[in-house]
Amino acid sequence: MGQSAVDQDGIVALRPPHQVMRLARLGAFHQTRLSFLRAMMRQVATGDWTFECSQWDIDDAGVGVAVYAATGPDHTYSLICFAHDLDPDQRTDRVIAEAWDATFTLYDGVPDAAAIERLRGNTPRQEAGRYRHSDLILSRTNKSARLFDYVVDRLALGEQPDGARLDEAGYLMRTTAVYGNGKFGIADRDRYADRGGFGNPFRLEMLTVWLIRQFVADLTDHMARVKGGDRAVPLDRTLRRRLGVGNSTGLGLGPFIVNHPALFHRWIVARETALARVRALPAAEETRWQSFLDWLARAKADVADWNVADDLQAGKIGRLADDLETLSAEAPAMAAADHPWDSLYRWGEAHLSLEAQEMLVSLMIEPHGDLVDDLADEMGQNAADGPGIDGTRTAGDLKRSIETQHGWALTPDYDDPSACARFWYVSANKLEPRLGERHAEPGADLEQPLAVGRDLAALHQALSMADPETSVAAFLLSRPAHRQAARRVQIAARYPYAEIQDNLIGADLLPLDLLRCKLSFFGATQFDPKSDRWLRINMFRHAPYPDEIAAAAADDWAYPPVVPA
Amino acid sequence: MPMECSLNEVQTLSHKAARGAGLAWGVAQDTGWAVRWLEARHLPGAAALAPSLAALDGQDIEAFQPVIGPGQWQSRGGRLHGLLAGIALSDRCEAAFTLDNVVAPLLLLPFIATVAAARRVNIAMDVTTDSPVSLIVTSDTASTGAQELMGLGDVRAVTLSMVPPEPLTSACSLVDGSVTIDDDAWRVLDGFARRTYVPESDESRTRGAGSGENDAD
């Protein structure tokens, strides 16, 4: 099993970038305590937040407006919900959709009638509307029509739906986009960057989706009452917990972690630091070890319910399930080992698949909230305050940095058709990021700068032909095409976990890995690939609802309780 | 009717527009950042960028790049582009020389501010035109004289010098909320930005994006 990773000062080093920053591993990440939606819930569960449905004007057709107010110590955020009567033939998750079952705006403060009217004219149009800095987040959902109708029918009859059917889909509605940070005129992120926890990445987006979940539950009860009158019953709270908010994610999310290298580094470092802190513990407290085994059992049960149609992912899940069995057998004996968490981790690294290794990481972190939760507030990154290029360095210096930091980029032959088989672009229709086949379709001349490896190699080549004493400034003045790559090299020197160390335009690229990595940081679960470039996920499944958060146990819901057979 | 938008929108648009006008992606990224810096301080960055990209369009961009001589920067083709000169001086971390025949001098400011920050100084900027303008650039803003840079057109010379970092008596304040962009400027920038998008083809529609046909179950 190799030597302990604990050095003489009792510290465990972070796993190195060349190990962590491989796309296959990043695409095997699971949610952790540090995931944004969990951090958001910890923030609002502190007892000084109240949640109420402040307006409910939904008619018998399920059409109208509702408002949910989330009031914290300093601010109120209001989710304004517009429910629509969508023709099923029009229901699509694609960005090209023009109508949805429900549309939402998270509003900064308490909206007056004029604000609601203004948003009534825009929110239902989503990207085609215009918004103001009082409008913070924009989103929309579509029903899982089969399940929604089934649940409403059961409740209308005075009966509860079958839990197994709820678990199959896991949600009644799914978001198909959640927009923040200035899109379509909504508030820029820096407007709320100093609002305590909500300056952290995607916290407001997570609050929005969590409130949407409450709306969906309330809408379901409402429709059941419309249909069944006095006979109708509300959805049982235990069953309700098993429903999250689904999400349908395609390539739109793909470029983000590539385009925000310093931010992505912060996310990775927080996670790796959490792991290192746990591994450094010289012994395992009895309660924490027990808690870990309990989480492991719950995770196993959850994996048994993780059903997907995609063959590749199904294979990974099967292997994960086997690995978790093996882990369950091995783990108990390690409790008394020296630095037992580190022993456990290193055993896992040697014996488990990537999916299982990364699940082990998540599970090891779970019982150690007091040790790691502070890291969730260190995952933000201020926007750059300038070009960030130090042009006084030399070309020789820059070339050496590429060799030291980005050796992985220099290996492929990018002229080989399979090494440059793809290209990223933005479509003219609805401005979607897409991935094209370079040798089979037009558009590569308009390629987006996401071919990082290739561009680093090209920069290296150009630097090899330049005078090594030339300044970077002079080099870039004469060769501006290399500016972006040069910046990335200098960023990576300060942020070692900034770069994905794989070819992002190769024939073997699995875009799903990019999506899943980002979604794992959001806190998504039930990754359900539908192709190599889009997937369904679930958020907040098993979590308390706003109307019960004050009384709920602390952050203990991420894996479902094991249901007795 | 002017366009009310977020800073993120104007940054993204400027970034794409610069690329659409033929500038390298790395230069385009800095363009977006620079226009946002200006707009965030009530300075008309987008309105300065739009005609300056039109000036580059179809031309040899190299001709607008600085030729760096001792104490004096000229251009290859007779007009020095404020954006390109700004990037160059920021890369060098230098702001003590004269620039000749500058197109869109307003675009220099954000880059001069990065030099001011790095060197912990203020930068005095004296603009030689029919109605001379003087202003001070600090690490994070500029004196209100900056507002006079718009509408100057090309300027004969811009002289930069480092001065002690004293607080400004009147500075450009930060925007609180959205910014208002001149409609014509928006249209011009949007036109350039659209050049970066790939038009639909039957192939791209089914291959490229994401959700498949039966995504509504």
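Note on naming: letters A, B, ... go to the chains in the order of the sequence lines (proteins, then strands), and numbering restarts at 1 for each one. Quick note: numbers below take in every heavy atom, side chains included, and nothing from hydrogens, waters or symmetry partners.
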Asks: Between A:Pro449, A:Gly182, A:Pro480, who has the most heavy-atom pairs with chain B when the cutoff is under 4.5 Å?
Replies: A:Pro449
Asks: Considering only heavy atoms and a distance below 4.5 Å, find which of B:Val27, B:Leu23, B:Val10 pairs most often with chain A.
Replies: B:Val27
Asks: In terms of heavy-atom proximity below 4.5 Å to chain A, should B:Asp176 be classed as side chain, backbone, both, or neither?
Replies: both
Asks: Side chain, backbone, both or neither: which part of A:Ala474 has an atom under 4.5 Å from a heavy atom of chain B?
Replies: both
Asks: Rounded to the nearest 0.5 Å, how far apart are CD of B:Glu9 and CD1 of A:Ile186?
Replies: 8.5 Å
Asks: Looking at CG of B:Asn8 and CZ of A:Arg189, how far apart are the two atoms once the value is rounded to the nearest 0.5 Å?
Replies: 10.5 Å
Asks: Counting only heavy atoms from other residues, nucleotides and ligands, does the tally under 6.0 Å from CG of B:Asp182 exceed 12?
Replies: yes
Asks: So, taking the atom named CD1 in B:Ile87 and the one named CG in A:Leu476, what distance separates them when rounded to the nearest 0.5 Å?
Replies: 10.0 Å
Asks: Go through the atoms of A:Leu535 and report whether side chain, backbone, both or neither lie under 4.5 Å from a heavy atom of chain B.
Replies: neither
Asks: Tell me, out of A:Ala169, A:Gly185, A:Pro387, A:Ala486, who's got the most heavy-atom pairs with chain B below 4.5 Å.
Replies: A:Pro387
Asks: Kindly check if the number of other-residue, nucleotide or ligand heavy atoms within 6.0 Å of CG (A:Asp87) is above 12?
Replies: yes
Asks: Where does A:Glu447 contact chain B at under 4.5 Å (heavy atoms): side chain, backbone, both or neither?
Replies: backbone
Asks: Please report the interatomic distance CD(B:Glu200) to CD(A:Glu432), rounded to the nearest 0.5 Å.
Replies: 7.5 Å
Asks: Heavy-atom cut-off 4.5 Å, strictly under: side chain, backbone, both or neither for B:Ile68 against chain A?
Replies: side chain
Asks: Chain B heavy atoms under 4.5 Å from A:Arg130: which part of the residue, side chain, backbone, both or neither?
Replies: side chain
Asks: Please tabulate, one pair per line, all N/O donor-acceptor pairs under 3.5 Å involving side-chain atoms of residues 95-106 of chain B, not counting sequence neighbours.
Replies:
{"from": "B:Thr98", "atom 1": "OG1", "to": "B:Thr159", "atom 2": "OG1", "distance (Å)": "3.1"}
{"from": "B:Asp100", "atom 1": "OD2", "to": "B:Gln72", "atom 2": "NE2", "distance (Å)": "2.8"}
{"from": "B:Asp100", "atom 1": "OD2", "to": "B:Gln74", "atom 2": "NE2", "distance (Å)": "3.4"}

Asks: Considering residues, nucleotides and ligands other than A:Arg438, do more than 12 of their heavy atoms fall under 6.0 Å from its CZ?
Replies: yes
Asks: Can you tell me which of A:Asp188, A:Asp190, A:Leu477, A:Asp532 forms the most heavy-atom pairs within a distance under 4.5 Å of chain B?
Replies: A:Asp188
Asks: Between A:Asn181 and chain B, with a heavy-atom cut-off of 4.5 Å, which part of the residue counts as in contact: side chain, backbone, both or neither?
Replies: both
Asks: Of all heavy-atom pairs between A:Ala428 and B:Tyr197, which one has the smallest distance, and what is that distance?
Replies: CA-CB, 3.6 Å
Asks: Side chain, backbone, both or neither: which part of B:Ser178 has a heavy atom under 4.5 Å from chain A?
Replies: both
Asks: If you count heavy-atom pairs under 4.5 Å between each of A:Leu515, A:Leu147, A:Leu431 and chain B, which one has the most?
Replies: A:Leu431
Asks: Looking at CD of A:Gln448 and CZ of B:Arg19, how far apart are the two atoms once the value is rounded to the nearest 0.5 Å?
Replies: 8.5 Å
Asks: Side chain of A:Arg487, backbone of B:Gly26: donor and acceptor closer than 3.5 Å?
Replies: yes
Asks: Name the option with the most non-hydrogen atom pairs under 4.5 Å to chain B; the candidates are A:Arg132, A:Gln484, A:Arg483.
Replies: A:Arg483
Asks: Please determine whether the number of non-hydrogen atoms from other residues, nucleotides or ligands lying under 6.0 Å from atom CD of B:Glu62 exceeds 12.
Replies: yes
